[in-house]
S.K.: 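Before I ask anything, here is the structure I am working with.
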Number of protein chains: 2
Amino acid sequence: MSARAIPYRPHNHDACVSQALTDARAICQRQNARLTPIRERVLELIWQSHKPLGAYDVLAELSSDGHNAAPPTVYRALDFLQQHGLVHRIASLNAFIGCTHAGEHHTGMFLICRACGNVLELTAPAVSTEVGKAASEEGFRAENTTLEIAGLCPRCQAEPDHD
Amino acid sequence: MSARAIPYRPHNHDACVSQALTDARAICQRQNARLTPIRERVLELIWQSHKPLGAYDVLAELSSDGHNAAPPTVYRALDFLQQHGLVHRIASLNAFIGCTHAGEHHTGMFLICRACGNVLELTAPAVSTEVGKAASEEGFRAENTTLEIAGLCPRCQAEPDHD
DNA sequence: TAAAATTTGAAACATTATAACATTTACAGG
DNA sequence: CCTGTAAATGTTATAATGTTTCAAATTTTA
Ligand SMILES: [Zn+2]
Ligand SMILES: [Zn+2]
Ligand SMILES: [Zn+2]
Ligand SMILES: [Zn+2]
């Protein structure tokens, strides 16, 4: 797997998308899960940028596809994709983003730029370790971590108002 | 300030509430902010337990007070309380909880028990440090951290189905 | 092929949050 | 005490997000 694209910088994003779809197909096959056309299309839509997309945004895109979908269609597809580690929900934004570590067993940490809206997913083992330590010091059995950092990406610190 | 009550264990919760209200009055005075009757009442309602309360739950309680309130009343009060560091919003639950470190300048980390619903707010400097490190390694200027851990509290690990 | 399980369609509804504008209240200066 | 101003609250409507339910179609299994 090659070096990961940085959302904040221009890059060949088509490569991000096709890599994500290729990975998804492999992962679903391995897990005996069915990446149906709707699910694949939703994943593709989610990956259209590195900015999280709301469920109703996905719905609107499906509609402009000519697909007459209702909310449950989208939420089901998103549930499926989450279940199989292909997308993450960003709780602080009520929105969804493609996982850049699909298949890698990880706990995502998300850097969310409040200016450009792009999100970078990191794996930070040191953070996970400290979180686990803090939880177990309280006797708490951690199952699921939501870690979302809002702030300014390097690009927007230098030069505001990027897309 | 005495040792903090552990939400997961029985304790004199009236003491939690009155401490929180006393602290809130002092903090607002120091900040020249007006802790009006509505705001104080909302804070008291939020503190009625260590389980996060939804905005519409607050609304319902206000109504049963005989106060004929609409959603904006509650959201405004909650915004005020958040602004002054008296309550936190738990993004993964769309709900609000009293801050147990009001006035202490901190980044909250929340241990959310999925069985009993209680939430413990921690300050974990080591976690904050690692989060800061991970962000700055990416050149990201972190401004706001959402850190919520769902799992099982000690009590519910031992003995399920507590309230 | 027939039965079973999974996936999708469709309609209604529930929950959470905000916009917009009117009214009231608190406060400072005259 | 009045009065102008800003802050806070009331009120109505609406937007945004997410779920329940049941029916129909599709895929898988036997
Ligand atoms: Zn890309
Ligand atoms: Zn991921
Ligand atoms: Zn208590
Ligand atoms: Zn706090």
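All chains are named by letter (A, B, ...) in the order of the sequence lines, taking the proteins before the strands, and each is independently numbered beginning at 1.
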S.K.: Quiz question: by atom type and distance under 3.5 Å, do the side chains of Asp23(A) and Gln19(A) form a donor-acceptor pair?
M.R.: yes
S.K.: Nearest whole Å is fine: how far is dT7(C) P from Glu40(A) CD?
M.R.: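 Glu40(A) atom CD is separated from dT7(C) atom P by 15 Å.
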S.K.: Between His67(B) and Pro71(B), which has a closest nucleotide on DNA chain D that is more 5'?
M.R.: His67(B)
S.K.: To the side chain of Thr36(B), which of dA10(C), dT9(D), dT11(D) is closest?
M.R.: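 Nearest to the side-chain atoms of Thr36(B), counting from C-beta on, is dT9(D).
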S.K.: Atom CD1 in Ile149(B), atom CG in Leu147(A): separation rounded to 0.5 Å?
M.R.: 7.5 Å
S.K.: Round to a whole Å and report the spacing from CG of Asp57(A) to P of dA15(D).
M.R.: 16 Å
S.K.: Under 4.0 angstrom, heavy atoms only, what part of the nucleic acid is Arg76(B) near: base, sugar-phosphate, or nothing?
M.R.: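 Base, at least one base atom sits under 4.0 Å.
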S.K.: Whole-Å distance between dT7(C) C1' and Leu35(A) CG?
M.R.: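 Checked: the CG to C1' distance equals 13 Å.
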S.K.: Indicate the ring-plane relationship of Trp47(A) and His50(A), choosing parallel, tilted or perpendicular according to the 30° and 60° boundaries.
M.R.: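 Aromatic pair Trp47(A)/His50(A) classed perpendicular.
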S.K.: With a cut-off of less than 4.0 Å, is there a side-chain N or O of Arg34(B) near OP1 or OP2 of dT25(C)?
M.R.: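 For dT25(C), neither OP1 nor OP2 has a side-chain N or O of Arg34(B) closer than 4.0 Å.
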S.K.: Which nucleotide, dA10(C), dT17(D), dT11(D), lies nearest any side-chain atom of Arg89(A)?
M.R.: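 Nucleotide nearest to Arg89(A)'s side chain: dT17(D).
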S.K.: Starting the side chain at C-beta, find the nucleotide from dT19(D), dT12(D), dT18(C) nearest to Tyr75(B).
M.R.: dT18(C)
S.K.: Whole angstroms only, please: what is the CG-P distance between Asp79(B) and dT9(D)?
M.R.: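 Between P of dT9(D) and CG of Asp79(B): 12 Å.
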S.K.: So does Tyr56(A) reach the base of dA15(D) with its side chain, donor to acceptor, closer than 3.5 Å?
M.R.: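 Checked by distance alone, the answer is no.
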S.K.: May I have the distance from Phe80(A) (atom CZ) to dT27(D) (atom C1'), rounded to whole angstrom?
M.R.: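 That distance rounds to 14 Å.
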S.K.: Under 4.0 Å: is that the gap between some side-chain N or O of Asn94(A) and OP1 or OP2 of dA16(D)?
M.R.: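 Indeed not, no polar side-chain atom of Asn94(A) lies that close.
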S.K.: Atom CG of Leu78(A) and atom P of dT8(C): how far apart are they, to the nearest Å?
M.R.: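 Answer to the nearest Å: 13 Å.
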S.K.: Where the side chain of Ile38(B) is concerned, which of dG10(D), dG18(D), dA19(C) is the nearest nucleotide?
M.R.: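 From the listed options, dG10(D) comes nearest.
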S.K.: Using atom CG of Leu59(B) as one end and atom P of dT11(D) as the other, report the distance to the nearest whole Å.
M.R.: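 After rounding, the reported distance stands at 13 Å.
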S.K.: Can you find a side chain N or O atom of Thr73(A) that sits less than 4.0 Å from OP1 or OP2 on dA10(C)?
M.R.: no
S.K.: Is it true that His106(A) and His88(A) have ring centroids separated by less than 6.0 Å?
M.R.: yes
S.K.: Between atom CG in Asn68(B) and atom C1' in dT9(D), what is the gap in whole Å?
M.R.: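 From Asn68(B) CG to dT9(D) C1': 12 Å.
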S.K.: Which of the following nucleotides, dA17(C), dT7(C), dG18(D), is nearest to the side chain of Phe96(A)?
M.R.: dG18(D)
S.K.: State plainly whether the residues Glu40(A) and Arg25(A) are in salt-bridge range, i.e. N to O under 4.0 Å.
M.R.: yes
